[in-house]
Amino acid sequence: MDCIFCKIVEGSIPSKKVYEDDTVVAFHDITPQAPVHILVIPKKHIATMNDAEGEDFALIGDIHRAAQHIARELGIAESGYRLINNCGKDSGQVVFHIHYHLLGGEQLGALIG
């Protein structure tokens, strides 16, 4: 498989990890959109949210639990953060391996006017 995130999980592409457990890994985004911009991914390859099924939903829970932990560790839990998942090309998804963007560290602009 030619998935950059799978290669990060296996260690063949380096990343600046901030969290790892049995099912999830999180690392700094190489093109940050906020002072804190972490990508949180499952170790299992799932292309998009639409491809998740059965036990995959437990992995999505693991991702959210990891994001909460990371936000606390990085000191942004109290001030607030955004957790975003893009699903499909029209949403802006570029890497087709489920991932969440954890953004914070500043006042973020409104998504809906």
Side-chain angles (χ1 to χ4, degrees):
M1 187 176 306
D2 196 32
C3 172
I4 190 169
F5 288 172
C6 286
K7 290 178 181 179
I8 288 171
V9 168
E10 71 183 18
S12 63
I13 293 179
S15 66
K16 189 175 173 191
K17 291 181 186 173
V18 296
Y19 178 87
E20 184 170 14
D21 64 22
D22 292 340
T23 61
V24 174
V25 65
F27 49 91
H28 288 273
D29 192 297
I30 61 170
T31 57
Q33 304 299 306
V36 173
H37 188 166
I38 305 297
L39 297 175
V40 188
I41 69 169
K43 289 184 174 181
K44 177 183 178 185
H45 181 86
I46 306 164
T48 74
M49 186 63 73
N50 289 335
D51 298 303
E53 57 188 24
E55 293 181 10
D56 297 337
F57 294 104
L59 286 174
I60 291 166
D62 292 344
I63 291 168
H64 283 251
R65 189 172 21 262
Q68 181 186 60
H69 172 81
I70 294 161
R72 287 182 180 140
E73 289 292 310
L74 296 179
I76 62 170
E78 293 301 317
S79 60
Y81 58 95
R82 186 171 288 158
L83 190 60
I84 300 170
N85 169 258
N86 297 318
C87 182
K89 68 178 183 69
D90 283 354
S91 74
Q93 185 177 3
V94 176
V95 177
F96 284 83
H97 181 124
I98 286 180
H99 59 283
Y100 285 75
H101 297 263
L102 174 62
L103 302 160
E106 69 181 6
Q107 178 76 41
L108 301 173
L111 290 177
I112 299 172

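Since this is a predicted model, take the numbers as computed values, not measurements.
Cys3 approaches His97 most closely through the heavy-atom pair SG-ND1, 3.4 Å. In plain terms, the two heavy atoms of Leu103 and Leu108 that are nearest each other are O-CD1, 3.7 Å. When all heavy atoms are compared, the tightest approach of Cys87 to Asn50 is SG-ND2, 3.6 Å. Shortest non-hydrogen contact noted between Lys89 and Phe96 is N-CZ, 4.0 Å.
Between Leu39 atom CG and Asp29 atom CG the span is 4.0 Å, to the nearest 0.5 Å. How far OH of Tyr81 is from CD1 of Ile76: 7.5 Å, rounded to the nearest 0.5 Å. Ile4 CD1 to His99 NE2: the interatomic distance, rounded to the nearest 0.5 Å, is 11.0 Å. If you take OG1 on Thr23 and CZ on Arg65, they are separated by 7.5 Å, rounding to the nearest 0.5 Å. Distance check: Ile38 CD1 to Lys16 NZ gives 8.0 Å after rounding to the nearest 0.5 Å.
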> When you look at His101 and Leu83, which way does the side chain to side chain contact (heavy atoms under 4.5 Å, CB included) test go after all the steps?
Replying inline: CA-CA 6 Å; His101 297 263; Leu83 190 60; over 6 Å; no
> Checking side chain to side chain contact (heavy atoms under 4.5 Å, CB included) for the pair Ile41/Ile98: CA distance, chi angles, key distance, verdict?
Replying inline: CA-CA 6 Å; Ile41 69 169; Ile98 286 180; over 6 Å; no
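His37 and His28 share no donor-acceptor pair across their side chains, judged by distance under 3.5 Å alone. In the model, Glu10 has a side-chain atom that pairs as donor or acceptor with a side-chain atom of Ser12 under 3.5 Å.
Applying the 6.0 Å contact sphere to CD of Gln107 captures no more than 12 heavy atoms from other residues, nucleotides or ligands.
Note on Val95 and Ile13: same hydrophobic cluster, where clusters join Ile, Leu, Val, Met, Phe, Trp and Tyr whose side-chain heavy atoms are under 4.5 Å apart, directly or indirectly.
Between Glu20 and Lys43 there is a salt bridge, since a side-chain N of the basic residue sits under 4.0 Å from a carboxylate O of the acidic one.
Under the 3.5 Å distance criterion, the side-chain polar atoms of Gln93 are matched with a main-chain donor or acceptor of Ala47.
The aromatic rings of Tyr19 and His69 sit tilted relative to each other, their planes meeting at an angle between 30° and 60°.
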